[in-house]
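Reading through the structure tokens given below for one structure.
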Amino acid sequence: FYEESMGKFLSVPQFGIPRESLQQVMAAVDAYYRFMVAIGDFLLKFNIPLKDAFEVLTKTVKEREDSGEGFKSAKEIYDFAVNMLDEKYDAHIKSPEGVKIVVDVVEKYLDFKRKSDAVRDSCFKSLSIPTSKEMEDVYRGIYDLRKKTRKQESLIRDHEALINNLNQKVLALEASLANVRKRG
């Protein structure tokens with residue numbers, strides 16, 4: 001707004017961060033904190049199966065010792081614990097609550113990424129550094145230009161071969177006309 005109103009009459013650039021950029025920065029910071037909250041919630045709830053598994057493992061070890069069928073080795077305890085953790089985490093991740101929490105983390109991350117990319121692009125524009133979208137456009141243009149150049153080079157080679165062929169035919173025709181004139 002400043003650049004289009006007072007800035008163009010005074011020929012003085014605006015100092016500091018423009019309001020739109022400041023809003024983008026604040027939105028990105030807000031999205032970051034929302035993402036961190038979602039990660040914290042995810043980590044908190046992701047430990048529930050681990051806690052439950054330790055309780056079951058402790059109870060199972062005690063029950064086996066009391067019945068006289070204790071675990072024979074640490075490897076057997078380890079395998080039992082791994083299988084139990086696999087089952088508990090598999091059930092947790094596939095549960096509606098587990099799916100919801102993973103989806104929430106991913107959505108919050110994507111929102112943060114989108115907003116932080118907007119801030120990065122604004123900073124790049126203010127520093128006259130091309131954005132990734134602009135660079136993609138440049139690379140696409142270079143690719144298309146090279147592709148067209150290769151096609152044109154191929155077409156030129158074909159035409160040069162055709163011209164050489166026609167030149168040889170013209171020379172042969174001139175030679176045969178010269179022979180006809182000598183005879184005639």
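Note that this is a predicted model, so its numbers are computed, not measured.
- The pair D144-K148 fails the salt-bridge criterion, with no side-chain N (NZ, NE, NH1 or NH2) lying under 4.0 Å from an Asp/Glu carboxylate O.
- In this structure the side chain of K115 never reaches within 4.5 angstrom of the side chain of Q24, judged on heavy atoms.
- Inter-residue side-chain proximity for K94 and D90 is flagged as met; some heavy-atom pair is nearer than 4.5 Å.
- K51 contributes atom NZ, which lies 10.0 Å from atom NZ of K88 (distance to the nearest 0.5 angstrom).
- Heavy-atom contacts from other residues, nucleotides or ligands closer than 6.0 Å to CD of E69 number 12 or fewer.
- Within a 6.0 Å radius of CZ in F42, other residues, nucleotides and ligands contribute more than 12 heavy atoms.
- At a threshold of 4.5 Å between side-chain heavy atoms, the hydrophobic network of Ile, Leu, Val, Met, Phe, Trp and Tyr places V99 and I93 in two separate groups.
- Clustering ILVMFWY residues whenever any of their side-chain heavy atoms sit less than 4.5 angstrom apart, transitively, puts L110 in the very cluster that holds Y32.
- With salt bridges taken as basic N to acidic carboxylate O contacts below 4.0 Å, none links E153 and R146.
- Note: L171 CG to L166 CG = 11.0 Å, rounded to the nearest 0.5 Å.
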ask   = Yes or no on salt bridge (charged side-chain N to carboxylate O under 4.0 Å, His left out) for E76 and R64, after CA distance, side-chain angles and deciding distance?
value = CA-CA 12 Å; E76 191 177 347; R64 283 196 176 186; 3.5 Å; yes
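- F46 and V103 fall into different hydrophobic clusters, where Ile, Leu, Val, Met, Phe, Trp and Tyr are joined by side-chain heavy atoms under 4.5 Å apart, directly or via other members.
- Cluster membership check: V106 shares its hydrophobic cluster with L43, using side-chain heavy-atom separations under 4.5 Å among Ile, Leu, Val, Met, Phe, Trp and Tyr.
- Using a 4.5 Å heavy-atom threshold, the side chains of R140 and Y143 count as touching.
- To the nearest 0.5 Å, the span separating CG on D79 from CG on N83 amounts to 6.5 Å.
- Counted within 6.0 Å of CE on M36, heavy atoms from surrounding residues, nucleotides or ligands total more than 12; the atom is thus considered enclosed.
- Between D117 and R120 there is a salt bridge, with a side-chain nitrogen of the basic residue lying less than 4.0 Å from a carboxylate oxygen of the acidic one.
- Side-chain contact between F80 and V61 is absent, with no heavy-atom pair separated by less than 4.5 Å.
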key: Steps toward salt bridge (charged side-chain N to carboxylate O under 4.0 Å, His left out) verdict (D111, K108)   = CA-CA 5 Å; D111 183 49; K108 295 290 192 306; over 6 Å; no
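- A pairwise comparison of heavy atoms in A38 and D104 identifies CB-OD2, 3.8 Å as the closest pair.
- Ring pair F112/F35 is parallel by interplanar angle, where below 30° counts as parallel and above 60° as perpendicular.
- Once rounded to the nearest 0.5 Å, the distance linking CG of D41 with CD1 of I101 reads 4.0 Å.
- Counting heavy atoms from C-beta outward, V29 and Y33 have side chains that approach closer than 4.5 Å.
- Taken together through direct or relayed side-chain contacts under 4.5 Å among Ile, Leu, Val, Met, Phe, Trp and Tyr, Y109 and V102 form part of one hydrophobic cluster.
- Note on ring orientation: taking the six-membered ring where Trp is involved, the planes of Y89 and H92 are perpendicular (angle over 60°, cut-offs 30° and 60°).
- For the atom pair CG (L85) and CG (D52), the distance works out to 10.5 Å, reported to the nearest 0.5 Å.
- The shortest side-chain heavy-atom distance between K147 and Q152 does not fall under the 4.5 Å cut-off.
- Remark: K45 NZ to S95 OG distance equals 10.0 Å, nearest 0.5 Å.
- No donor-acceptor pair under 3.5 Å is formed between the side chain of S154 and the backbone N or O of R150.
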